[in-house]
There are 2 protein chains.
Amino acid sequence: MQKKAPKIDPSLVADFPLFLDMEKEAIADILEKGTAKHYKKGDHFFDQFEPATHFFLMLDGYLEVSKTTEDGSQVIMRHFGVGELFGVAPAIAQKNYPATSRALVDCVAILWDNKFWDSFLVEHPRFIQNAYKSIGERLAQSQERIVEMSTEQVERRVAHAVMRLTHQCGVKTEQGILIDFPVSRQDIAEMTGTTLHTVSRLFSAWSSKGLMQVGRQKIEVLEAHKLALLAQGH
Amino acid sequence: MQKKAPKIDPSLVADFPLFLDMEKEAIADILEKGTAKHYKKGDHFFDQFEPATHFFLMLDGYLEVSKTTEDGSQVIMRHFGVGELFGVAPAIAQKNYPATSRALVDCVAILWDNKFWDSFLVEHPRFIQNAYKSIGERLAQSQERIVEMSTEQVERRVAHAVMRLTHQCGVKTEQGILIDFPVSRQDIAEMTGTTLHTVSRLFSAWSSKGLMQVGRQKIEVLEAHKLALLAQGH
DNA sequence: CTGGTTATTTGCGTTAGATCAAACAAACGA
DNA sequence: TCGTTTGTTTGATCTAACGCAAATAACCAG
């Protein structure tokens, strides 16, 4: 399922916001204490309710974090890409992982035993500070999403979700911006609290307006600014 | 609008989870660096978008934190009561307050200049650790609410909201549990992403079933158990 | 006490979006 | 290559909940 990857060169990660304003030696020390691993597409980094033992940094690839309810419906909480810290249970004193995280493509991640959180707090406070900054942004984004779910109707929510995907996980092509991993209509539905049918209808409408180009598990945004207008409710 | 309150006795706050496992002297030191203030019902502790200058601890009373959208709709994010830290922008490296907080009754709160966050980090790491634990719980609750908004229909969401209020802000009476501050149907609507009309209809139905007793800006839950079943979808 | 303001209730028509159903299309494995 | 699986589209209902409207009820200020 996973195999050890070679030692990570600090210079490869030094420009991550997570390592902002840190010395190369400090970065090297942090990296040495973690373990780099490969994950195949579909592998789980961790599962909901499982005791939290490690925290992770994505070096290559994309993952989704999702929660499953008692009655079996899934909600995709967010996506993570290169340079992002995830599974940070110790940062917020959580004993168990609150969600499941799954590799969307083949990935490389570095993981640390939880105990290093507290030791980094002392030895590399700047690292912890940078980490909390990104955790804070996530909290703010969660609250934004609550507002969105409470006040906006489906079309705007879906437009927002697609826009977020293009920003976080998009790659430029000749024609527009392509989401860098397979996304189904069902996935979009689970990100926005609607059904795959409604998403499909919206995508059909949008692509016939030339706003985007869709395929099987493929989304390519052609006119991002028009999508942004939709997301703002026009 | 606000006036200084007398010095706070450490023993009054020593049993707050925030001060768990801390020495009396340490608590006294922290308290000394803050300023206690009275807030009248309706006063704002801080406003959305305003530069964040202080963080707060509620000593007496209740407040609500809400966000307003561009098109003017309000969403109540959460309520805080005695012993809870709020407005913790520096903890998560936020320059501005992401929401507005308003006193629901006359309150007493202690506030600290942001700069003390970093100094407490060094001088009283246990305090900061306790604080992050509660921030982590809030993040988890936010995510739970996203799941709720994505998958549950209105009746369950409203039942959940009322239950949360009884747990966080309820006082026992002879007949049941009373929410300890004025709550309108509109408020419940803003907590659940629905309209005051729908809330009113639900409350009518529930109180005619003897589940609760409602009045003008008053909610008293009589059969919490049955409400919990509704919240779980029965 | 009285008039005005604010909160609540309830009925009724409308609709966004879910649900149900069926056909279609792309990928995949044997 | 063909059959199966998985994802997508689109049409046809159906309904939860909204929006509107109007009546009532509680509170407040002068």
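Naming: A, B, ... by sequence-line order, numbering from 1 per chain. Source: prediction; values computed, not measured.
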Whole-Å distance between [N] [atom2] and [X] [atom1]?
X: B:Gln217; N: C:dT6; atom1: CD; atom2: C1'; result: 9 Å
X: B:Ile188; N: D:dA17; atom1: CD1; atom2: C1'; result: 17 Å
X: B:Arg157; N: D:dA16; atom1: CZ; atom2: P; result: 14 Å
X: B:Phe181; N: C:dA7; atom1: CZ; atom2: P; result: 16 Å
X: A:Gln186; N: D:dT9; atom1: CD; atom2: C1'; result: 15 Å
X: B:Asp187; N: C:dA7; atom1: CG; atom2: P; result: 9 Å
X: A:Arg201; N: C:dC20; atom1: CZ; atom2: C1'; result: 11 Å
X: A:Leu202; N: C:dA16; atom1: CG; atom2: C1'; result: 11 Å

Is the shortest side-chain N/O distance from [X] to OP1 or OP2 of [N] below 4.0 Å?
X: B:Thr198; N: D:dC18; value: yes
X: B:Ser184; N: C:dA7; value: no
X: B:Thr195; N: D:dA17; value: no
X: B:Arg185; N: C:dT8; value: yes
X: B:Ser200; N: C:dT9; value: yes

Centroid separation A:Phe80 to A:Phe56 less than 6.0 Å: no
5' priority, DNA chain C, between B:Phe203 and A:Glu155 [closest heavy atom]: B:Phe203
Position toward the 5' end of DNA chain C (nearest nucleotide), A:Arg216 or A:His197: A:His197
Any pair counted as salt bridge (Lys or Arg N to Asp or Glu O under 4.0 Å), so long as it reaches residues 176-192 of chain B, sequence neighbours left out: none
Nucleotide nearest A:Leu196 (side chain, heavy atoms from C-beta), chosen from C:dG11, C:dT9, D:dT8: D:dT8
Residue A:Ser204, side-chain atoms from C-beta onward, closest of D:dT9, C:dT10, C:dT8: D:dT9
Member of A:Leu85, A:Leu111, A:Ile8 meeting the side chain to side chain contact (heavy atoms under 4.5 Å, CB included) criterion with A:Leu57: A:Leu85
A:Lys67 vs B:Glu144 side-chain heavy atoms within contact, under 4.5 Å: yes
Backbone of B:Gly170 reached by a side-chain donor or acceptor of B:Thr166 within 3.5 Å: no
